Amino acid sequence: MQENLARGLQVVSRAVSTRSTLPVLANVLLKTEDAGLKLTATNLEIGITYWVPGKIDQDGSTTVPARLLTDLVNSLPSSERVDLELQPGDTLHIGCGRFETHVKGIDADEFPAIPMAGERPTTRISQKVLRTALDETTFAAASDEARPILTGVLVRFEGDHVTLAAADNYRIAVKTIPVLDPVEEMSLVIPARSLNELGRVLADVDDPVEIVLSPARNQILFHLEGIDLVSRLIDGQFPNYQQVIPTTRSTRAVIDREELLKAVRLAALIASSSANIVKLQVGVEGEAGITVSANAEVGDNEGRVEATVEGDGTTIAFNARYLTDVLQNVDAEQFALELNGPLSPGVFKPIDDEHYVHVVMPVRTTS
């Protein structure tokens with residue numbers, strides 16, 4: 001059916017290579033298997049396989065340009081049957097209602113082999129729990145390749161739980177979640193890009209996602225109903241992030257997440273025209289709340305946010321983007337912001353989640 005094929009192509013196309021010198025990596029592999037059609041795409045870092053239910057008259061396989069096939073199928077009438085037939089010369093015939101298309105492909109034998117689920121899972125995790133953890137951590141990974149290890153997320157399995165940690169040079173996000181099957185202690189670094197794609201296919205359900213570590217420990221596979229996602233692992237030693245997380249505090253403020261996010265976004269409109277710096281005055285001059293401000297040549301902005309403040313008053317500056325990222329990606333009603341003066345990292349902790357911590361480095365200012 002058109003909608004099933006379109007959905008499958010939408011999922012796997014996220015793994016299609018756009019810059020490879022191998023033409024076949026711009027294609028999607030179509031192969032009959034298990035009374036249906038198996039779609040596979042890869043960029044050699046990540047591979048995604050999706051099973052589309054269908055009726056098989058004769059087995060076969062080929063590869064065709066992924067973007068072209070996706071656009072063609074999306075343009076076909078919805079709720080219609082799509083007939084696929086492989087013709088001589090690796091030409092795929094696509095028939096749907098009154099429409100017929102022929103697309104030239106590349107032999108399936110040229111497509112790289114992708115590991116499949118089948119081995120005993122290393123462990124399982126609730127899809128909903130893992131999806132939330134990915135939302136709260138992957139955004140903190142580095143996006144540039146200067147330090148490749150920081151473009152990944154450290155995944156540390158320890159018995160009945162797993163800890164995910166992502167960091168660049170300015171922030172750290174750490175989340176610990178339970179696993180459904182106890183597992184031996186081990187640490188892996190998975191590309192954040194791969195985990196972002198995994199987050200897109202995970203559903204908001206308690207059904208488990210199976211995790212299989214390859215025997216060579218250089219790839220990891222995630223399996224859920226009808227979908228496999230395999231990713232390479234990043235070699236190297238992830239930095240000891242724990243030594244950067246402050247263990248003491250002189251100031252603690254409890255704030256409403258949405259209110260602080262609004263204030264930071266407003267200040268960021270001014271701050272974006274200069275160094276993107278916003279200042280937080282916490283409990284200064286006996287005031288219980290937090291003042292969020294920004295100054296630049298284009299103007300200035302100041303907003304007040306109610307907060308319960310314990311300890312010393314202090315003023316600290318942050319990059320507005322890092323504040324916005326944590327406040328919009330972590331779904332908590334209230335945060336505790338813990339500080340230790342203007343030059344120490346700020347620590348954000350959701351009030352209702354003791355298993356998450358986010359550290360943001362301060363910005364040094366002259367005034």
Side-chain angles (χ1 to χ4, degrees), residues 10-15 43 45-50 117 121-143 148-158 160-168 171-181 183 186-213 219-234 238 241 257 321-322 324-332 335 348-350 352-360:
Q10 176 193 357
V11 171
V12 301
S13 64
R14 305 286 308 179
N43 58 14
E45 177 178 273
I46 180 175
I48 302 177
T49 298
Y50 189 103
T122 302
T123 189
R124 298 171 304 141
I125 302 175
S126 157
Q127 288 190 45
K128 179 163 60 174
V129 169
L130 181 55
R131 181 176 164 184
T132 299
L134 295 178
D135 287 344
E136 295 178 347
T137 54
T138 57
F139 69 89
S143 55
I149 196 74
L150 293 182
T151 64
V153 176
L154 176 67
V155 181
R156 181 169 179 80
F157 293 95
E158 296 177 280
D160 61 357
H161 65 274
V162 59
T163 299
L164 288 76
D168 56 19
R171 55 186 169 177
I172 305 163
V174 184
K175 174 80 173 196
T176 300
I177 57 174
V179 297
L180 299 175
D181 309 304
V183 65
M186 60 179 165
S187 295
L188 317 167
V189 181
I190 305 174
R193 284 192 296 263
S194 300
L195 293 177
N196 283 329
E197 297 308 327
L198 175 63
R200 293 174 188 272
V201 299
L202 293 174
D204 192 25
V205 296
D206 290 321
D207 296 349
V209 52
E210 296 180 353
I211 300 173
V212 183
L213 183 61
Q219 290 181 315
I220 191 165
L221 185 144
F222 299 89
H223 172 73
L224 53 149
E225 187 66 36
I227 302 175
D228 278 0
L229 185 149
V230 63
S231 171
R232 70 172 180 88
L233 300 178
I234 299 177
F238 199 85
Y241 66 87
R257 179 183 68 88
R321 181 167 74 87
Y322 300 136
T324 303
D325 280 351
V326 62
L327 293 171
Q328 69 184 9
N329 282 295
V330 182
D331 188 17
F335 268 105
F348 290 84
K349 297 178 178 177
D352 57 355
D353 185 0
E354 61 184 14
H355 301 294
Y356 182 81
V357 62
H358 192 95
V359 178
V360 182

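Computed from a predicted model, the values in this text were never measured in an experiment.
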Engineer: Quick check: closest heavy atoms across Thr123 and Phe157, and the distance to 0.1 Å?
Structural biologist: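 Heavy-atom minimum between the residues: CG2-CE2, 3.8 Å.
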
Engineer: Using side chain to side chain contact (heavy atoms under 4.5 Å, CB included) as the criterion, list what pairs up with Gln219, not counting sequence neighbours.
Structural biologist: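 Residues passing side chain to side chain contact (heavy atoms under 4.5 Å, CB included) with Gln219: Pro115, Ser214, Val230.
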
Engineer: Can you tell me how far the CG atom of Asp135 sits from the CG atom of Asp331, to the nearest 0.5 Å?
Structural biologist: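 These two atoms lie 9.5 Å from each other.
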
Engineer: Does any non-hydrogen side-chain atom of Phe348 lie less than 4.5 Å from one of Val330?
Structural biologist: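 No; the side chains remain at least 4.5 Å from each other.
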
Engineer: Taking ring pair (Phe, Tyr, Trp, His ring centres under 6.0 Å) as the test, write out the residues that go with Tyr356, two or more places apart.
Structural biologist: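 Partners of Tyr356 by the ring pair (Phe, Tyr, Trp, His ring centres under 6.0 Å) criterion come out as none, since no residue qualifies.
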
Engineer: Name all residues meeting the salt bridge (Lys or Arg N to Asp or Glu O under 4.0 Å) criterion together with Asp181; count only those two or more places apart in sequence or in a different chain, and write none if there are none.
Structural biologist: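 Once residues adjacent in sequence are excluded, the partners of Asp181 under the salt bridge (Lys or Arg N to Asp or Glu O under 4.0 Å) criterion are Arg124.
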
Engineer: Taking only residues two or more places apart in sequence or in another chain, which ones pass ring pair (Phe, Tyr, Trp, His ring centres under 6.0 Å) with Tyr50?
Structural biologist: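 Residues passing ring pair (Phe, Tyr, Trp, His ring centres under 6.0 Å) with Tyr50: none at all.
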
Engineer: Could you list the residues that satisfy side-chain hydrogen bond (donor to acceptor under 3.5 Å, both in side chains) with Asn329, not counting sequence neighbours?
Structural biologist: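 For Asn329 there are no side-chain hydrogen bond (donor to acceptor under 3.5 Å, both in side chains) partners, ignoring immediate neighbours.
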
Engineer: List the steps, then state whether side-chain contact (heavy atoms from CB on, under 4.5 Å) holds for Ile125 with Phe222.
Structural biologist: CA-CA 10 Å; Ile125 302 175; Phe222 299 89; over 6 Å; no

Engineer: Would you name the heavy atoms of Val209 and Gln127 that are closest together and state the gap between them?
Structural biologist: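 Shortest heavy-atom separation between Val209 and Gln127 comes out as N-CG, 4.0 Å.
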
Engineer: Partners of Thr163 by side-chain hydrogen bond (donor to acceptor under 3.5 Å, both in side chains), sequence neighbours excluded?
Structural biologist: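 Only Thr176 meet the side-chain hydrogen bond (donor to acceptor under 3.5 Å, both in side chains) criterion with Thr163.
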
Engineer: Let me know which of Thr137, Thr138, Val174, Ile190 forms a side-chain contact (heavy atoms from CB on, under 4.5 Å) with Leu164.
Structural biologist: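 Per the side-chain contact (heavy atoms from CB on, under 4.5 Å) rule, the option paired with Leu164 is Thr137, out of Thr137, Thr138, Val174, Ile190.
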
Engineer: The test is side-chain contact (heavy atoms from CB on, under 4.5 Å); show your working for Leu233 and Val189 and say whether it passes.
Structural biologist: CA-CA 6 Å; Leu233 300 178; Val189 181; over 6 Å; no

Engineer: Please name all residues satisfying salt bridge (Lys or Arg N to Asp or Glu O under 4.0 Å) with Arg131, sequence neighbours left out, ordered by chain then number.
Structural biologist: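 Residues passing salt bridge (Lys or Arg N to Asp or Glu O under 4.0 Å) with Arg131: none at all.
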
Engineer: Could you walk me through whether Tyr322 and His358 pass ring-ring contact (aromatic ring centres under 6.0 Å, His included), step by step?
Structural biologist: CA-CA 10 Å; Tyr322 300 136; His358 192 95; 8.8 Å; no

Engineer: Say you draw a straight line from CD of Glu158 to CE of Met186; how long is it, rounded to the nearest 0.5 Å?
Structural biologist: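 Result: 11.5 Å between the selected atoms.
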
Engineer: Closest heavy-atom contact between Tyr241 and Ala165?
Structural biologist: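 Nearest heavy atoms, Tyr241 then Ala165: CE2-CB, 3.6 Å.
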
Engineer: Does His223 offer a backbone N or O that forms a donor-acceptor pair with the side chain of Glu210 under 3.5 Å?
Structural biologist: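 Not a single qualifying donor-acceptor pair exists.
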
Engineer: Under the salt bridge (Lys or Arg N to Asp or Glu O under 4.0 Å) test, which residues partner Asp207, sequence neighbours left out?
Structural biologist: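 Asp207: no salt bridge (Lys or Arg N to Asp or Glu O under 4.0 Å) contacts found.
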
Engineer: Just verifying a value: how many Å separate Leu229 CG and Arg200 CZ, rounded to the nearest 0.5 Å?
Structural biologist: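 Leu229 CG to Arg200 CZ: 12.0 Å, rounded to 0.5 Å.
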
Engineer: Holding to side-chain hydrogen bond (donor to acceptor under 3.5 Å, both in side chains), I want the full list of residues that pass it with Gln328, two or more places apart in sequence or in another chain.
Structural biologist: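 Expected list: Arg265.
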
Engineer: Just jot down the side-chain hydrogen bond (donor to acceptor under 3.5 Å, both in side chains) partners of Ser194, sequence neighbours excluded, or say none.
Structural biologist: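 In terms of side-chain hydrogen bond (donor to acceptor under 3.5 Å, both in side chains), with neighbours along the sequence ignored, Ser194 is linked to Ser231.
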
Engineer: Pairs of donor and acceptor atoms involving the side chains of residues 148-155, under 3.5 Å and at least two apart or interchain, shall be tabulated with distances.
Structural biologist:
from   : atom 1 : to     : atom 2 : distance (Å)
Thr151 : OG1    : Pro148 : O      : 2.6

Engineer: Are the side chains of Ile211 and Val179 in touch, meaning some heavy atoms are under 4.5 Å apart?
Structural biologist: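 A side-chain contact under 4.5 Å is absent here.
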
Engineer: Where is the tightest heavy-atom contact between Val129 and Pro178, given as atom of each residue plus distance?
Structural biologist: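 For Val129 versus Pro178, the nearest heavy atoms are CG1-CD, 4.2 Å.
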
Engineer: Could you check if a side-chain atom of Thr49 sits within less than 4.5 angstrom of a side-chain atom of Val12, using non-hydrogen atoms only?
Structural biologist: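 In short, these two side chains do not touch, never coming nearer than 4.5 Å.
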
Engineer: Can you list the residues that meet the salt bridge (Lys or Arg N to Asp or Glu O under 4.0 Å) rule with Asp325, with sequence neighbours excluded?
Structural biologist: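 By the salt bridge (Lys or Arg N to Asp or Glu O under 4.0 Å) rule, Asp325 matches Arg171, Arg321.
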
Engineer: How far apart are the C-alpha atoms of Lys175 and Asp353, what are their side-chain angles, what is the distance that settles it, and do they pass the side-chain contact (heavy atoms from CB on, under 4.5 Å) test?
Structural biologist: CA-CA 10 Å; Lys175 174 80 173 196; Asp353 185 0; 2.5 Å; yes

